[in-house]
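The block underneath contains the structure these notes are about, expressed in structure tokens.
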Amino acid sequence: MSDNVVPLFENATTTPAPVEPAAVVTAAVATPATEKASVPLWARSARGIRTVATHENTKTACRATARHGLYVLGGARIVARRTWEGRTASRYERMLRAAEAAGNMEAAAEWEERGQRFRQERHRRRMDLLTAPLDAAKGIAAGAGIGAGGLLLLGIMLAVANGDWTDIYAPTMAVVELVRWIVLIITVTWGPLVTIGPWAVVLGLWAVGRNQQAAPQWALPTNVRSGEGEPITPSIVVLALRNLGIAPLRNAIKEMGDAGASMLGPIRIAGCGVEVDVTLPSGVSTDEVQNRRRKLAENLARHEHEVFITIPQAARTVRLWVADSGALDEPIGPSPLTTDQDLTANYKTGKAPWGQDLRGDAAALSLYQRHLLITGLSNQGKTAALRALALWLALDKSVEFRLADLKGAGDWAMFDGLATVLIQGPTDDHVVQATEMLEGGVSEMERRLQAPPGTVFPPLVLLVDEAQVAFMCPVVDEERRPYGGSKATSRYFMAARKIHNQGRAVNVTLWQGTQDPTDQNLPKLVREGAHTRASLALGTESQARMALGDKAVDGGAAPNLLRPGLDKGTLVVASDGIAIPAGQASITVRTHFIDTDEAALITARARAMRDGVTTLHVIEQGEVRDPLADIATVIGDTNRVLTQDVLQRLAVLAEDTYGSWTHADLKRVLDGTAAEPYKSDGRMVIGRERIARALANRDTNGSASAS
């Protein structure tokens, strides 16, 4: 035994001493060679073979080998098909069937005429082949005679010129020598040509197959299989539909003479993508295609969010919009509110520049007499989208805002001095004040509804951001009526319902922004009362139905498929106030983002357009009021204010005290104070300086006070 070999036992005839398990473990760890020796050779070989077989390099090599071999087979198939179509009328028959399937009888007649002309030409060529041998023999004989005679004549001329009669045969012998050399060259090169020829043919077939990618997807290299950025062509669309996994659709495409091309309408450039209408064959529903949006997008070499499926008016038709790869991740331009310093708004006839649709066209929203609801997950741009609309409308000086921000993070602070009411904060007290603000709007609405017919009222927008805080508020008033909830006793709920029912008729509208819609934080009657419903990214389809309604979702609206965090500011909008393509129930809008600093500049322009607005930050109720002082408060720094506006501002300031006041009550309080209403430009107004003098001159015993 060699010195390098360690015997298993010290003595072969001696029984080995028992070994403790711990010692075995220690030895196994300390001496890997022992473990390796304990594994049978065949097992180690199988493990090595399996490792090699499953290695990525092995897979890549096998895939490359299969790919290039299949390129040759695919190229041969393509060349054979081209040859067959070139020699038969199959191409014309296919195009004829496609034209008939598409209902284009004019094109069908044209293809039938072309096919008939091809058959006539083919028949003529075949008849010419019957007489070709005889014609060829005659031509060869005539050519040989002429050639021999020409060579003999050339030889005679050469002999006469040289004076040597042997030159008569010189031209003929030269031709014979040329033929001998040609035969010699062919004899030498024939062998290599026979050897190289088949390989040249194989190389040509491989080149055709590679150019057409005539190999299965699993065999193609990664950069080819991904297809990122590939243009959308009819063949790609048909192939993507065929591979959706819908058996009736796949079978119908196979049976079509044009391989499915008749299903497609023209592919149109639409913004940062393309759009195409697909007429589905009988037996395939639009729902089946919609439910396979992700697979369709992957078949088109796109991400799921880059493919949108909508239902146009035509029966059994789906409209596909396919974005250019990565185009939806690019930001859109700035808002016109920030670039056009002279831009103004018109509540009745204008439209707010909100952003861009997927085509890249400007998306503008009409706000005239439309209640508004914007919802979505937290931190997706809801406040920014809602604020962008309010900033545009603020540039119409006739619009009054009463605003409650139940988040209180300062997102609406720039409306101080612009809104007549500004409540900011997330507490229950702020919810109480927001509820009383809405109830004040209800009182104003009811007053307007009782005005004489034909009275024109300035727009009043009641805006509540984070409205879910109000619906979820557990506080009850002194009469045990809850502020939150969705019952008939809920004060916030009932105020919102009343405004939804009748407010638009007298230009009183309610705008709400809310998070994560459910039946608890956004009751059904309230969300369905909004004329314009928009949603950012949501978590589920049921939430999408709550946000936009069943009709929009059944028509293809899918805010639940937007990417949270990545599609910030992208809204799915259902409204008659925005241009929606015919046959669709919604439109996707990428909104302009206006940051806080830019918003402050816009509101500064809006304040400059007004005479001055006193913003009330707290709505106080149930206390002794001083009407003269309150009138001075609501007038603020404005030189004179219409008596009607004074009454409205007093109602906002203290609904319990001034909510039911009329012009007679205002006149009663001001009589004898030298601050009575007077006419200016034909309308009754109250002057700031007169009120200030009345306050300075009144008695110190509070004679001007009223409870």
Side-chain angles (χ1 to χ4, degrees), residues 369-375 386 400-406 420-421 423 425-451 457 459-515 517-533 546-547 549 616 618-622 648 651-660:
Q369 293 185 346
R370 289 179 176 87
H371 303 301
L372 175 67
L373 172 65
I374 297 180
T375 186
L386 186 62
E400 177 188 355
F401 286 94
R402 300 181 188 179
L403 196 151
D405 175 17
L406 298 182
T420 54
V421 176
I423 300 166
T427 67
D428 292 340
D429 290 338
H430 292 97
V431 172
V432 172
Q433 295 173 15
T435 302
E436 292 170 348
M437 180 190 78
L438 255 63
E439 291 174 340
V442 172
S443 299
E444 171 62 17
M445 176 192 72
E446 293 172 345
R447 184 193 66 79
R448 294 183 177 189
L449 289 169
Q450 299 174 31
F457 301 102
L460 172 60
V461 176
L462 303 166
L463 192 155
V464 181
D465 195 9
E466 306 294 344
Q468 77 279 355
V469 177
F471 285 113
M472 300 296 289
C473 180
V475 175
V476 296
D477 61 13
E478 61 276 4
E479 297 178 2
R480 308 301 299 171
R481 294 177 59 199
Y483 285 90
S486 57
K487 296 182 179 179
T489 56
S490 169
R491 293 180 60 178
Y492 183 90
F493 171 77
M494 290 306 298
R497 286 292 300 141
K498 289 178 181 178
I499 295 172
H500 277 172
N501 288 339
Q502 296 177 299
R504 63 177 299 274
V506 288
N507 285 339
V508 178
T509 54
L510 175 61
W511 297 5
Q512 296 182 96
T514 182
Q515 291 182 14
T518 65
D519 284 327
Q520 289 71 38
N521 62 26
L522 188 59
K524 184 175 187 292
L525 292 178
V526 172
R527 62 179 184 252
E528 292 188 349
H531 303 99
T532 296
R533 300 168 71 173
M546 292 180 185
L616 305 178
V618 178
I619 303 175
E620 299 178 353
Q621 301 281 346
Q648 292 179 13
V652 173
L653 179 65
E655 173 67 23
D656 290 348
T657 303
Y658 304 118
S660 60

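Residue E436 comes nearest to Y483 through the heavy atom pair OE2-OH, 4.3 Å, listed as atom of the first residue, atom of the second, then distance. For the residue pair R448 and V506, the shortest heavy atom distance occurs at NH1-O, 2.8 Å. Minimum interatomic distance between V442 and I499 (heavy atoms only, all atoms of both residues): CG2-CG1, 3.8 Å. Taking each heavy atom of A495 and L438 in turn, the nearest pair found is CB-CB, 3.9 Å. Nearest heavy-atom pair across D428 and P474 is OD1-CD, 4.1 Å.
Residues R527 and T375 form no side-chain contact, since every pair of their non-hydrogen atoms from C-beta on lies 4.5 Å or further apart. The side-chain heavy atoms of R370 and T509, taken from C-beta on, include no pair separated by under 4.5 Å. Between V431 and M472 there is no side-chain heavy-atom pair separated by less than 4.5 Å. Taking the side chain as every heavy atom from C-beta outward, D477 and R491 approach each other to under 4.5 Å. Contact annotation: the side chain of N507 never approaches that of L460 to less than 4.5 Å [non-hydrogen atoms, C-beta and beyond]. Annotation: side chain of F457 is not in contact with side chain of V508 (no heavy-atom distance under 4.5 Å). Residues L373 and V526 are not in side-chain contact: their nearest non-hydrogen atoms beyond the backbone lie 4.5 Å or more apart. The shortest side-chain heavy-atom distance between V476 and P482 falls under the 4.5 Å cut-off.
Taking the six-membered ring where the residue is Trp, H531 and H371 present parallel rings, their angle staying beneath 30° rather than reaching 60°.
Of the possible polar contacts, none joining the Q468 side chain to the N521 backbone as a donor-acceptor pair under 3.5 Å is found. Judged by distance alone, the side chain of R533 and the main-chain N or O of A547 form a donor-acceptor pair under 3.5 Å.
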Let's go through F471 and T514 carefully: what are the C-alpha distance in whole Å and the side-chain angles of both, what is the deciding distance for side chain to side chain contact (heavy atoms under 4.5 Å, CB included) to 0.1 Å, and is it a yes or a no? CA-CA 10 Å; F471 285 113; T514 182; 5.8 Å; no
Checking side chain to side chain contact (heavy atoms under 4.5 Å, CB included) for the pair V461/L372: CA distance, chi angles, key distance, verdict? CA-CA 10 Å; V461 176; L372 175 67; over 6 Å; no
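Once rounded to the nearest 0.5 Å, the distance linking CG of N501 with CZ of R497 reads 4.5 Å.
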